[in-house]
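Step one of this worksheet: look at the structure below.
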2 protein chains.
Amino acid sequence: MTKHKDNQTEDQILKAAQIIFQTKGMDGARMQEIADKASINKAMLHYYYRSKQLLFEAVFNKAFSLLAPELNRILNDSSSIEEKIKNFTDNYISFMIKHPYLPGFIIQELNRNPKFIEKLESNVSFPDITKFKNQVKNEIENGTIIPISAEQLFINILSLNVFPFVASPLIKALVNVDDTTYQTILEARKEDVSNFLINAIKK
Amino acid sequence: MTKHKDNQTEDQILKAAQIIFQTKGMDGARMQEIADKASINKAMLHYYYRSKQLLFEAVFNKAFSLLAPELNRILNDSSSIEEKIKNFTDNYISFMIKHPYLPGFIIQELNRNPKFIEKLESNVSFPDITKFKNQVKNEIENGTIIPISAEQLFINILSLNVFPFVASPLIKALVNVDDTTYQTILEARKEDVSNFLINAIKK
DNA sequence: AAATTTGTTAACCAAATGGTTAAACTAATT
DNA sequence: AATTAGTTTAACCATTTGGTTAACAAATTT
């Protein structure tokens with residue numbers, strides 16, 4: 001139980017902090033800017049979250065726990081590799097279209113402070129790929145898919161799904177398309193990526 | 001011709017700035033830290049580069065012009081799509097193993113300040129994928145590769161090559177490997193990625 | 001060798017930044 | 001009505017930060 005009776009202000013702060021931290025990162029974010037966005041006094045940030053670091057961690061943990069459990073669920077359900085790929089791709093691209101800053105934010109901050117990972121790993125719902133690895137091994141033996149390292153396949157799935165969101169300004173410039181066209185391309189990827197992946201590993 | 005006779009100090013500054021900016025980003029970098037790393041007085045940074053912004057731009061432009069011309073060359077040479085993929089993958093993964101912070105740095109800063117892209121696009125050696133697009137179209141007609149959008153293929157190539165460097169701390173944690181093992185995985189990708197890509201598009 | 005230009009340093013400065021404090025306000029509880 | 005606990009504000013503070021200045025040293029030019 002929290003010592004605060006009313007969590008309305010607390011929520012307002014967290015929402016504002018999410019927007020600022022996720023677009024500007026820890027270093028680029030300013031407490032005053034978060035306070036302005038939350039329409040409150042700067043001292044309130046410290047009253048509710050004590051420090052910039054703790055407020056940041058609240059935002060970061062919430063962001064991560066928004067992505068990890070779903071990944072873990074898909075990795076460990078009973079579906080085949082092919083179904084997992086379809087499931088993951090469709091799920092995550094849809095999710096990231098709605099929250100385009102999330103993956104870049106998480107990756108950027110993990111790069112900035114590698115110690116964060118230890119905290120995440122001790123988290124209960126931190127994704128575990130052991131089942132996925134066994135499944136890949138089995139399906140290779142069964143002849144369902146071509147021989148491939150499970151780790152490499154996992155990295156490939158992740159790359160094809162996440163990178164277009166992390167590097168969108170760069171890709172937009174390279175492919176030479178505007179925002180709306182890029183949006184269409186991302187939409188198409190919900191199907192394209194899983195087809196591409198399955199085509200790459202199916203016998 | 002530059003107004004500075006001796007460019008030794010200038011180089012020292014640029015090298016120090018590269019390390020600091022590429023690991024901490026524009027917002028996280030401190031002028032004092034750069035000066036310390038270059039073993040000079042902080043005022044020298046301003047004497048040679050006038051402001052943090054200009055020093056940063058020098059670093060950023062150098063980083064980008066280290067990557068772009070090679071990409072452009074590969075995209076526009078006379079080799080087939082399959083050869084381009086092999087070429088690009090081998091070249092870039094080798095390069096990024098040597099400069100692992102570069103891609104993350106560029107992507108992070110393009111996200112932070114989208115106006116940078118306009119400057120880059122006016123750059124002479126900014127990559128142009130028109131030839132690559134025509135080639136994909138032709139090879140689809142010839143039946144060499146399966147039908148696929150050239151843009152999607154390009155994004156896929158980029159994703160598989162670059163993402164493992166941008167998101168290394170996250171991937172290391174998910175795949176549950178230490179630094180040296182991850183290094184081995186990256187080395188293997190020089191071959192694995194092009195095989196994977198070619199397998200996905202070859203008829 | 002005198003004068004001028006270029007390179008370097010230490011001290012300094014204003015603005016911004018994360019954080020604190022004390023007082024005032026609000027709404028339950030006694 | 002008085003007390004109390006929780007909430008909010010404005011003013012304040014110490015430190016950090018990018019940037020400047022003025023004096024000085026070392027070349028280069030005249």
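Throughout, protein chains are lettered first and strands after them, A, B, ... in sequence-line order, and every chain is numbered starting at 1.
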A:Ile40 CD1 - C:dG19 P separation (whole Å) = 14 Å
May I have the distance from A:Tyr48 (atom OH) to C:dT20 (atom P), rounded to whole angstrom?
-> 17 Å
Less than 4.5 Å apart, any side-chain heavy atom of A:Ile171 and any of B:Phe154?
-> no
Would you please classify the geometry between the A:Phe60 ring and the A:Phe116 ring as parallel, tilted or perpendicular, with 30° and 60° separating the classes?
-> parallel
Output all residues satisfying side-chain hydrogen bond (donor to acceptor under 3.5 Å, both in side chains) with A:Asp90, sequence neighbours left out; order by chain, then residue number.
-> none
Please work out which of the three classes, parallel, tilted or perpendicular, describes the rings of A:Phe105 and A:Phe56, given edges at 30° and 60°.
-> perpendicular
Do the charged groups of B:Lys115 and B:Glu118 touch, with an N to O distance under 4.0 Å?
-> no
How are the rings of A:Phe88 and A:Tyr92 set to each other: parallel, tilted or perpendicular (split at 30° and 60°)?
-> parallel
Given DNA chain C, 5'-ward residue of the pair A:Gln53 and B:Asn41, judged by closest heavy atom | B:Asn41
Nearest whole angstrom, please: distance from the P of D:dG18 to the CG of B:Leu54.
-> 14 Å
Sugar-phosphate or base contact per nucleotide [nucleotides 12-18 of chain C; S, B, -; heavy atom under 4.0 Å] | -----SB
In whole angstroms, how far is the P atom of C:dT8 from the CD1 atom of B:Ile13?
-> 8 Å
In chain order, what residues pass the salt bridge (charged side-chain N to carboxylate O under 4.0 Å, His left out) check against A:Asp178, with sequence neighbours excluded?
-> none
d(NZ, B:Lys24; C1', D:dT17) in whole Å | 14 Å
Presence of A:Thr9 side-chain N/O under 4.0 Å of D:dT8 phosphate oxygens OP1/OP2 | yes
When rounded to whole Å, the OH to P distance for the pair B:Tyr49 and D:dT20 reads 17 Å
B:Tyr47, nearest nucleotide to its side chain (from D:dT9, C:dT6, D:dT7) | C:dT6
What integer distance in Å separates B:Ile20:CD1 from D:dT17:P?
-> 13 Å
d(CD, B:Glu33; C1', D:dG18) in whole Å | 14 Å
